[in-house]
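For reference, the structure discussed in these notes is given below.
As the structure is a computational prediction, the values presented were derived from the model and not from experiment. Every chain is numbered from 1 and lettered A, B, ... according to where its sequence line falls, protein lines coming before strand lines.
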There are 2 protein chains.
Amino acid sequence: MTARSSSESAREIPEATVARLPVYLRALTTLADDGTRTCSSEELALAAGVNSAKLRKDLSYLGSYGTRGVGYDVDYLRYQIAREIGVTQDWPVVIVGIGNLGHALANYSGFRSRGFRVVALLDADDTRHGEVVAGVDVRPFGDLEEIVATHGVAIGVIATPAHAAQDVADRMVGCGITSILNFAPGVLAVPEGVDVRKVDLSIELQILAYHQQRKAAL
Amino acid sequence: MTARSSSESAREIPEATVARLPVYLRALTTLADDGTRTCSSEELALAAGVNSAKLRKDLSYLGSYGTRGVGYDVDYLRYQIAREIGVTQDWPVVIVGIGNLGHALANYSGFRSRGFRVVALLDADDTRHGEVVAGVDVRPFGDLEEIVATHGVAIGVIATPAHAAQDVADRMVGCGITSILNFAPGVLAVPEGVDVRKVDLSIELQILAYHQQRKAAL
DNA sequence: CGGATTTTGTTCCCCCGTTCACAAAGTCCT
DNA sequence: AGGACTTTGTGAACGGGGGAACAAAATCCG
């Protein structure tokens, strides 16, 4: 962890809280769509699937946005959380690897609605270039540098086979990307200052299998 | 958490450890493929991307499978972990929702190689029925009960749009599925005893965006 | 055979996160 | 206006997990 500027706001939001903020954001959106103007921590906690005390403590890291005796204004709180996470701004994203998973990601509507804009789909396979997926051109992997520079991309998504992932990550880091979402199995080595989040589908199933096995053993 | 039979083995593996066992398993497989017969906790920890002390503590929950002064036998340890997780047995799995993501999941090779066998792809869309994806028939959602009963399915995967997820989960629980991997956004309500793991692609990106925003603010 | 060396298994301590419980602060009703 | 009531924000206790450090156990070498 790097030193923090002391003149900045003293907020130091715990990682566990950061991971839940998007959940609250989604719950608030659902409430707003249902026409709810105001909600208590109890209601919101129910919608988000968490304990109400935890919710209140999480929100307290952002500031005092509620009103005692009343609750939270849905729209106001939603905006505050969105701003805190950063989804009020536009995030250009590149996706590398246009297999089944890359396809699914490119088409996923949940990205665009939260400020993430897929600016390019890259693939090493020449035969795919020129194809259009979800309204975005499939381009050669070699175009990475140009695309990142042009659009100011800071976030990259790796959806390649495992053997290609480290090379892709290296190239991404090399051209200035500092946040990577990795769907390829295996460990990525990246320099200090680059954030990597890993999503491993088979690991999730294996965790379920472990618990299932325990349940079956009774 | 339900009461545990006291006559059973006293092992109570922490959740954090369970989540890392599949990572160790994959690292061991990589080492084995490279021809490594034996490895120290330091080497394995490096391959798995964790601290060696943490690795040793994790492994100690399974038993004493190492040899002091030598290290771990790669194949032996791999088998022990696989057995502990339960991936030495066959796990029939149903996937509901055959959109882009369902497609990607059905084709994902990482499932089959770890004992997970997709026995059916279900979708509410009539026009898809009869189609074959990744060698598996796409069938009506109404066939769920029959398929689960026939194959002894305990694990279900939800890859539907958000609005359908709760209904699908209810039906799954109703026919005896007790482990669910959910890719649909939103909170699932399930009875006690049913495990749900959630994978939310947009949440991962939002977490990255938060940190990216902090980095950019310097 | 015994000491030096290597590496595991475990103990101890600290920190982060969760939860309880309550004071503070607002609203509502009479 | 004032008291009852509701709900937030937070202080404090508690539990789990991470990491350093060390004792125990095995090999190797003279």
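Regarding B:Glu42, its CD atom lies at a distance of 15 Å from the C1' atom of C:dG9, rounded to whole Å. Between the CG atom of B:Leu59 and the C1' atom of D:dG17 there is a distance of 16 Å, given to the nearest Å. Separating the CZ atom of A:Arg56 from the P atom of D:dT6 is a distance of 15 Å, rounded to the nearest angstrom. Going from atom CG of B:Leu55 over to atom P of D:dG17 covers 16 Å, rounded to whole Å. In this structure, B:Glu43 atom CD and C:dT7 atom P are separated by 8 Å, rounded to whole Å. For the pair B:Leu21 CG and D:dG17 C1', the interatomic distance rounds to 15 Å; values are reported in whole Å. The interatomic distance linking B:Lys54 (NZ) with D:dA21 (P) rounds to 17 Å, in whole Å. For the pair A:Leu77 CG and D:dG9 C1', the interatomic distance rounds to 14 Å; values are reported in whole Å.
Ranked by how close their nearest DNA chain C nucleotide is to the 5' end, A:Arg20 and B:Tyr72 are led by B:Tyr72. Along DNA chain D, the nucleotide closest to B:Ala53 and the one closest to B:Thr67 are compared, and the more 5′ of them pairs with B:Ala53. Remark on DNA chain D: of its neighbouring residues A:Gly69 and A:Lys57, the 5'-side contact belongs to A:Gly69, judged by nearest-heavy-atom nucleotide.
At the heavy-atom level, B:Tyr61 lies nowhere under 4.0 Å from the strands shown. Backbone-only engagement by A:Glu15 is indicated by non-hydrogen atom pairs under 4.0 Å involving sugar-phosphate atoms exclusively.
Each of B:Leu31, B:Leu46, B:Val70 was checked for a side-chain contact (heavy atoms from CB on, under 4.5 Å) with B:Cys39, and the lone residue meeting it is B:Leu31.
Phosphate proximity of C:dG17 to A:Asn51: absent, as no side-chain N or O sits under 4.0 Å from OP1 or OP2.
The shortest non-hydrogen separation linking A:Trp91 to B:Gln212 is CZ3-CG, 3.4 Å.
Put simply, the side chain of B:Thr36 never gets that close to the backbone of B:Ala32: no donor and acceptor are under 3.5 Å apart. Listed for the B:Lys215 side chain is a donor-acceptor partner under 3.5 Å among the backbone atoms of A:Thr178.
Atom CZ of A:Arg83 has more than 12 heavy atoms from other residues, nucleotides or ligands within 6.0 Å.
Of the candidate nucleotides D:dA24, D:dG18, D:dT27, D:dA24 has the atom nearest to the side chain of B:Arg68.
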